[in-house]
Amino acid sequence: MTFGEQPAYLRVAGDLRKKIVDGSLPPHTRLPSQARIREEYGVSDTVALEARKVLMAEGLVEGRSGSGTYVRERPVPRRVARSGFRPPSGATPFRQEQADGEVRGTWESRSEQAEASVAVAERLCIRPGDRVMCTRYLFRDAGEAMMLSTSWEPLAVTGRTPVMLPEEGPLGGMGVVERMAAIDVVVDNVTEEVGARPGLAEELLALGGVPGHVVLVVQRTYYASGRPVETADVVIPADRYRVSYHLPVK
């Protein structure tokens, strides 16, 4: 495969990126000024500006009002483990999301009845506007916000049962599989689809990110005999975490 000549701004951005990655420009160091970039690389002001924009969009540098552009601290990505193995009975939702015995996490949650949107209705195989229980979670690891999750359960399945509220009642916090089993709904399959997108403003505010940061989105759905009984969006900061799968082989 043959590629054309690289645009000047990408060449400049690539060289600066290399210096950031190899430590020549360590975290909190001020990025060379636009004039310095122009002189060092023999490019125009426009090229220098575009190169800086590339590094900013990649999350490698950040602008500080009235001060300049600085190399960002690069966190070592941590692992968010996803397991195909059933967690032990009594496992918390955080444990089911993490499947990592070394994590000591906490979470906040809020549940409320809502009408299924078109997208949620499609995932749950119900009609738009049907009633669902929507539960929003904010998970923390050692006090740091690390993951958001929003789940939807059709009230046609859980309504007027002891498990209608995922975090309350005798089985509150027990997870989808155990809760559904308590009302004779046997969960036998789960699908997960992983994608990436720019984080929404409210997501990045909760997770401590900045505008433009990318998040990983795990779209998960639990099934009982082919019928969806819960679907959720799990949102993870892509610059701080990696999703790792541990699946059983039959």
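Residue numbers run from 1 in the order of the sequence given.
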Side-chain contact test, heavy atoms from C-beta onward, threshold under 4.5 Å: evaluate it for Val187 versus Val229 and give yes or no. yes
Would Glu50 and Lys53 count as a salt bridge (Lys or Arg N to Asp or Glu O under 4.0 Å) here? Give the steps. CA-CA 5 Å; Glu50 290 302 313; Lys53 286 182 178 178; 3.5 Å; yes
With a 4.5 Å limit on heavy-atom distance, are the side chains of Ile37 and Val12 in contact? yes
Any heavy-atom pair between the side chains of Leu31 and Leu25 that's under 4.5 Å? yes
Around atom CD of Glu122, are there more than 12 heavy atoms of other residues, nucleotides or ligands at under 6.0 Å? no
Contact list for residues 151-160, test side chain to side chain donor-acceptor pair (under 3.5 Å), sequence neighbours left out: Glu153-Arg179
For Ser24, give me all partners under side-chain contact (heavy atoms from CB on, under 4.5 Å), at least two apart in sequence or on another chain. Lys19, Asp22
Got a sec, which pairs hit salt bridge (Lys or Arg N to Asp or Glu O under 4.0 Å) with one end in residues 181-191, sequence neighbours left out? none
Side-chain contact test, heavy atoms from C-beta onward, threshold under 4.5 Å: evaluate it for Met164 versus Leu155 and give yes or no. yes
With sequence neighbours left out, the residues meeting side chain to side chain donor-acceptor pair (under 3.5 Å) with Ser111 are Thr135
Are any non-hydrogen side-chain atoms of Glu230 and Thr221 less than 4.5 angstrom apart? no
With sequence neighbours left out, write down each residue that passes side chain to side chain donor-acceptor pair (under 3.5 Å) with Ser65, or none if nothing qualifies. none
Can you list everything that forms a salt bridge (Lys or Arg N to Asp or Glu O under 4.0 Å) with Arg110? Sequence neighbours excluded, please. none
Only counting residues at least two apart or in another chain, list the ones meeting side chain to side chain donor-acceptor pair (under 3.5 Å) with Glu168. none
Kindly indicate whether the side chain of His28, heavy atoms from C-beta on, has any atom under 4.5 Å from the side chain of Val71. no
So Val215 and Ile236, do their side chains get closer than 4.5 Å, heavy atoms only? no
Contacts of Tyr41 meeting side chain to side chain donor-acceptor pair (under 3.5 Å) (sequence neighbours excluded), chain-then-number -> Asp15
Gln219: which residues meet the side-chain contact (heavy atoms from CB on, under 4.5 Å) condition with it, sequence neighbours left out? Arg123, Glu193, Asp233
Would Arg136 and Ser149 count as having a side-chain donor-acceptor pair, cut-off 3.5 Å? no
Between Thr69 (side chain) and Arg52 (backbone), is there a donor-acceptor pair under 3.5 Å? no
Can you list everything that forms a side-chain contact (heavy atoms from CB on, under 4.5 Å) with Ala196? Sequence neighbours excluded, please. Val214, Leu216
Taking everything shown except Tyr241 itself, do over 12 heavy atoms lie less than 6.0 Å from its OH? yes
Val132 side chain reached by Gln113 side chain, heavy atoms, under 4.5 Å: no
Can you list everything that forms a side-chain contact (heavy atoms from CB on, under 4.5 Å) with Asn189? Sequence neighbours excluded, please. Tyr223
Does anything in residues 199-216 form a side chain to side chain donor-acceptor pair (under 3.5 Å)? List the pairs, not counting sequence neighbours. Arg197-Glu203
